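Notes follow the structure.
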Amino acid sequence: MTINPGLIKSSFALVEPYGPEAAAHFYRHLFEHHPDVRDLFAEHLDDQQDRLWSALGALVTHLEDTGTLLPFLRELGRRHAGYGALPAHFPAVGASLIATLRHYAGTAWTPETEASWLAVYGTVSSTMAEALTEALPGAGSATAGH
């Protein structure tokens, strides 16, 4: 799978006008298909939905600027360690993200678009998971205090 920036940007442009609605759809899908992650989130999701949508927009904006994107993703990963997220949660999030994008992109969503988004999410999840794992309590304890 390879990332096609043109497909990522054009498909996101179709979904972007539905921002708050799409973010709400994402969380409904996530909790319906993976109810075990519900406890990781606040009862009211308005702020979380805004943060999700903002992060997704930043991802698309900086897709080809790895000097900006990778530090951004690492910081997200570190923050998610504090929320109780685990690398094992990333597949569920990815499935809900793809389902949401597919839903709002409609007939413009193609197998190539999906493959490109899966490749993007692979980079996102691996980068975030690495930083999250490093930030978990006990990680790097041999160097703690240095």
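Not measured: the values here are computed from a predicted model.
Under 3.5 Å, the side chains of His62 and Thr68 contain no donor-acceptor pair of N or O atoms. Side-chain contact check for Ser116 and Thr113: no donor-acceptor pair (N or O, by modelled atom type) lies under 3.5 Å.
Under a hydrophobic clustering in which Ile, Leu, Val, Met, Phe, Trp and Tyr are joined whenever their side-chain heavy atoms come within less than 4.5 Å, directly or via other members, Leu40 and Tyr83 fall into different clusters. Hydrophobic clustering places Leu132 together with Leu59 (ILVMFWY residues linked when any side-chain heavy atoms are closer than 4.5 Å, directly or through intermediates).
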Practice prompt. Go through Met128 and Arg74 one step at a time and tell me if the side chain to side chain contact (heavy atoms under 4.5 Å, CB included) criterion holds.
Written response: CA-CA 5 Å; Met128 286 182 63; Arg74 284 192 284 272; over 6 Å; no
Item to complete: Please assess Ser11 against Trp109 for the test side-chain hydrogen bond (donor to acceptor under 3.5 Å, both in side chains), listing each intermediate value before the final yes or no.
Response: CA-CA 7 Å; Ser11 59; Trp109 190 263; over 6 Å; no
Worksheet entry | Gln49/Tyr27 under side-chain hydrogen bond (donor to acceptor under 3.5 Å, both in side chains): CA gap, chis, key distance, verdict | CA-CA 8 Å; Gln49 290 171 0; Tyr27 285 105; over 6 Å; no
Discussion item. Using side chain to side chain contact (heavy atoms under 4.5 Å, CB included), reason through Tyr104 and Leu14 one step at a time and then give a plain yes or no.
Written reply: CA-CA 7 Å; Tyr104 285 94; Leu14 295 171; over 6 Å; no
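Within 6.0 Å of atom OH in Tyr18, 12 or fewer heavy atoms from other residues, nucleotides or ligands are found, so the atom counts as exposed in its surroundings.
A salt bridge between Lys9 and Glu64 is present, with a side-chain N of the basic residue lying under 4.0 Å from a carboxylate O of the acidic one.
Aromatic rings of Phe31 and Phe41 (six-membered ring for Trp) have centroids within the 6.0 Å cut-off, being under it. Phe26 has its ring centre no less than 6.0 Å from the ring centre of His29.
Here CH2 of Trp117 is found 5.0 Å from CD1 of Ile8. Values are rounded to the nearest 0.5 Å.
The main-chain N or O of Asp50 is never found under 3.5 Å from a side-chain atom of Ser54 such that the two would form a donor-acceptor pair.
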